[in-house]
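Letters A, B, ... are given to chains in the order of the sequence lines, protein chains preceding strands, and every chain is numbered from 1. Please read these numbers as outputs of a predicted model, since none were measured by experiment.
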Number of protein chains: 2
Amino acid sequence: MVSIKDIAKHAGVSISTVSYALNGNPKVTEETRKRILAVANELNYVPNAAARTLKKRETRIIGTFLTTFEGSFYGGLLQGMKEIMNKLGYDLVICSGTQSHRMLSEGMLDGAIILDREFSDDELIQHANRGHKLVVLDRELSHENVVQVLLDNKAGATFAMEYLISQGHKKLYAVTGPEGTFDSEQRLAAARQTVERSGLNITYKEIPGNFDKKSGFAAAAQIIAEYDGPAGVFCLNDEMAIGMYDALKETPYRIGEHVHVVGFDHIDIADYVQPRLATVDYSERRWGAVAAEQLIKLIGGKGTAEHERIYVSLITGDSVRPANVNIDG
Amino acid sequence: MVSIKDIAKHAGVSISTVSYALNGNPKVTEETRKRILAVANELNYVPNAAARTLKKRETRIIGTFLTTFEGSFYGGLLQGMKEIMNKLGYDLVICSGTQSHRMLSEGMLDGAIILDREFSDDELIQHANRGHKLVVLDRELSHENVVQVLLDNKAGATFAMEYLISQGHKKLYAVTGPEGTFDSEQRLAAARQTVERSGLNITYKEIPGNFDKKSGFAAAAQIIAEYDGPAGVFCLNDEMAIGMYDALKETPYRIGEHVHVVGFDHIDIADYVQPRLATVDYSERRWGAVAAEQLIKLIGGKGTAEHERIYVSLITGDSVRPANVNIDG
DNA sequence: TTGTATGCGTTATCAG
DNA sequence: CTGATAACGCATACAA
């Protein structure tokens, strides 16, 4: 490995001069700077990140933590983050799994964006207490080193339920996410509230789900078992809605006819299933970009980083049709 | 920040004893070890990665480089890698963008897996020359520090073309990937060869594509413009095939009737489009796992890491039907 | 404008 | 079994 010491030797200067030259410090003549750069180039010099970090106590690397790499929501989100980070001179790496949490505590990261239920609130607070800067995308957490950038779950769930109700559905279901997860709780609360506030005589039931296809599949079975007329179903995410499509395919019941479904997330597949899935949409890219901006602000310490909310909108689709239309004619 | 020096002070021992204790070196009594660990815990000690790395010249972190985070093929691939790496005591981070290449050269990574056309062969060779260990998933590259783990593109493309031919199609198209990309070139070569070897009187044409939806959409336009009977199309990846579906939706032509399509990759959507897309399948998970294994072998220097091939298989679907059946009856 | 000296937190070698 | 001490490569305050 070639270090600045080697460069110094070859260029006939001291190592501090090399360091200055390499970092563009005006203390060194343009001339010697050029000479030193030439030598560095010739020797194939590459700075050593560990040494620099040890000294400067910063890596200019941000980590985003995901529960899993699987399930394809996050492309736009990460891309949005990356663009902002790169522009601001930071690099982004994506991590997953408890084992990788060490990167945060051991100081390999200048900050982190958390979208990962495997982090407990306690653990996050510990990290924040140690001075690490965090943005959370999946919970509410109050700490001077933490800012929240959250989806407007409440609005989304309200849109979804109001849509079903507006189409005349009186028998409603919600298929939930894993108990205790922030998104699930928030969406559920809003769904209930919407039903109550409607003032209509609505049957409303919740079926426990898990945010995965399988649980949507399972929920469909229950709905069919109880079937006694058109049902409106709010799947708290699209993946479960897709599971429901899969399940109904094997039965005489039809989506948008017997079972009316709204999802949440607007994943790619939603546009391709038959009939097209009604869902709640938001800009992943924007979400990522906002999160990145806030984190960098927090790290820089200048400008107050503030909690942010990401807006959502409803996308209609033929997976929901009026309850009182008799399709069979 | 609390360092081993602080622990030493509090525990009334020297820093080297602390280091030994923390690293489980048997040189230190079980008793003092416990005492030191207790102190460390109490002081909330966390080791400093930069210092350790500077000394040991290893991070136990592997980087996987992707061209983009968008487009959701890679979930299974990354998950497969992660599982193996974690089992072997390594952490995995995902990187994207030229800016992040510095992580490799600056020594923040013990090795890297490359699936990213933004790395030129030259750049990779430079890294390899500096002693960095690499696994390439997207090209052929000979170097003692590089091993290849490649899809069996040739087999896949042959399956796809043979399938179209076996269904009696005589007018064939291939929609290509970006010029110069390994996957595209390999699949194309095999496609041509299959046509030639068939010994049949087949019209075969190539339409330049870009591995994205848009180019599939565009290719469809050309095929329709020339339409004079059933056409068989091998889209060199599924994404372009989906673009073709989108394009035909706006025309009177039907997939599996006028235009018969085979893709490559078996992405999620392939199972949900109507009619179901015939495609070439492989285990992403296995691909990732094999890549990870080979890289760790290469890093460890023990056992010879060897180039590997990932097998593929054909999944049929109604996007391809016999050419001579008159569906309109 | 350039050089000298020191320390960042670890590991590891060598004496005790 | 434990303690000094020298690196690792770099940045920087201070001296020249």
Side-chain angles (χ1 to χ4, degrees), chain A residues 1-37 39-40 43-61 102-110 130-132, chain B residues 1-37 39-40 43-61 102-110 130-132:
Chain A
M1 156 160 271
V2 29
S3 73
I4 56 172
K5 202 187 286 182
D6 302 307
I7 302 180
K9 219 174 286 173
H10 281 253
V13 296
S14 81
I15 68 164
S16 56
T17 306
V18 176
S19 179
Y20 289 140
L22 257 30
N23 293 322
N25 190 311
K27 288 175 148 198
V28 70
T29 330
E30 184 57 22
E31 199 186 309
T32 54
R33 210 181 75 85
K34 270 193 183 149
R35 191 161 49 90
I36 289 173
L37 251 50
V39 175
L43 294 185
N44 247 307
Y45 168 75
V46 255
N48 179 303
R52 192 194 330 112
T53 301
L54 185 56
K55 193 71 196 167
K56 309 225 318 177
R57 326 206 62 75
E58 69 164 26
T59 60
R60 299 204 73 94
I61 300 180
R102 71 172 175 102
M103 300 199 195
L104 225 190
S105 49
E106 295 187 355
M108 321 191 61
L109 267 20
D110 285 357
R130 289 208 178 95
H132 294 117
Chain B
M1 156 160 273
V2 30
S3 73
I4 56 172
K5 204 187 285 182
D6 302 308
I7 302 179
K9 221 175 286 174
H10 281 253
V13 294
S14 81
I15 66 166
S16 51
T17 305
V18 175
S19 178
Y20 288 140
L22 258 30
N23 293 322
N25 190 313
K27 287 175 147 197
V28 70
T29 327
E30 184 57 22
E31 199 187 308
T32 52
R33 209 181 75 87
K34 271 192 182 150
R35 190 160 50 90
I36 289 174
L37 250 49
V39 176
L43 294 184
N44 246 309
Y45 167 76
V46 255
N48 180 301
R52 190 194 330 112
T53 302
L54 183 57
K55 194 64 194 171
K56 307 227 316 178
R57 325 206 64 74
E58 70 164 27
T59 60
R60 300 203 72 94
I61 299 179
R102 73 174 172 101
M103 299 198 194
L104 225 190
S105 48
E106 295 187 354
M108 321 192 60
L109 268 20
D110 285 357
R130 288 204 178 98
H132 294 117

Self-check item: Length of the CZ-P vector between A/R33 and C/dT2, whole Å
Solution: 12 Å

Quiz item: Does B/R35 reach the main-chain N or O of B/A11 with its side chain, forming a donor-acceptor pair under 3.5 Å?
Solution: yes

Quiz item: Out of curiosity, B/E106 CD to A/R52 CZ, how far, rounded to the nearest 0.5 Å?
Solution: 4.0 Å

Quiz item: What nucleic acid atoms does B/S3 come within less than 4.0 Å of, heavy atoms only: base, sugar-phosphate, or nothing?
Solution: sugar-phosphate

Quiz item: Is the side chain of B/T29 donor-acceptor paired with the backbone N or O of B/E31 at a distance under 3.5 Å, no angle test?
Solution: no

Practice problem: Check whether any side-chain nitrogen or oxygen of B/S19 sits under 4.0 Å from OP1 or OP2 of C/dT11, and answer yes or no. | Solution: yes

Practice problem: Tell me what A/I15 touches on the nucleic acid: a base, only sugar-phosphate, or nothing, going by heavy atoms under 4.0 Å. | Solution: base

Quiz item: Does a side-chain N or O from B/N48 land closer than 4.0 Å to OP1 or OP2 of C/dC8, or not?
Solution: no

Quiz item: Short question: side chain of A/H10, backbone of A/V39 - any donor-acceptor pair under 3.5 Å?
Solution: no

Quiz prompt | Nucleotide D/dA7, atom C1' - distance to CZ of B/R52 in whole Å | solution = 18 Å

Quiz item: Any idea which of C/dC8, D/dT2, D/dG3 is nearest the B/K27 side chain?
Solution: D/dT2

Quiz item: Base, sugar-phosphate alone, or nothing: which one does B/V46 contact when heavy atoms must sit under 4.0 Å apart?
Solution: sugar-phosphate

Exercise. Looking only at side-chain atoms of A/S14, point me to the closest of C/dG9, C/dT11, C/dG3.
Key: C/dG3

Quiz item: Judged by atom type as modelled, is there a donor-acceptor pair below 3.5 Å linking the side chain of B/N25 to the main-chain atoms of B/K27?
Solution: yes

Quiz item: CD1 of A/I4 versus P of D/dG9: gap in Å, rounded?
Solution: 10 Å

Quiz item: Roughly, in whole Å, what's the span from CG in B/N23 to C1' in C/dG9?
Solution: 13 Å

Quiz item: Under 4.5 Å between any side-chain heavy atoms of A/I4 and A/Y45, yes or no?
Solution: yes

Quiz prompt | C/dT2 phosphate, OP1 or OP2, under 4.0 Å from A/T17 side-chain N/O | solution = no

Quiz item: B/E58 has an atom CD; how far is it from atom P of C/dT11, in whole Å?
Solution: 11 Å

Exercise. Look at B/R57 and C/dT11 and indicate whether a side-chain polar atom (N or O) is within less than 4.0 Å of OP1 or OP2.
Key: no

Quiz prompt | B/K5 NZ - D/dG3 P separation (whole Å) | solution = 16 Å

Quiz item: Under 3.5 Å, is there an N or O donor on one side and an acceptor on the other linking the side chain of A/K55 and the base of D/dG9?
Solution: no

Self-check item: Rounded distance in Å - CG (A/D6) to C1' (D/dG9)
Solution: 10 Å

Quiz item: Does the C/dT4 base have a donor-acceptor partner in the side chain of A/S16 within less than 3.5 Å?
Solution: yes

Practice problem: Round to the nearest Å and state the distance from A/E30 atom CD to C/dT1 atom C1'. | Solution: 14 Å

Exercise. Mind checking B/T32 for me? I need base, sugar-phosphate or nothing, with any heavy atom below 4.0 Å counting as a touch.
Key: sugar-phosphate

Practice problem: Give a yes or no on whether a donor-acceptor pair under 3.5 Å exists between the nucleobase atoms of C/dT4, that is its base, and the side chain of A/Y20. | Solution: no

Quiz item: From the list C/dG3, D/dC10, D/dC8, which nucleotide is the closest neighbour of the side chain of A/V13?
Solution: C/dG3

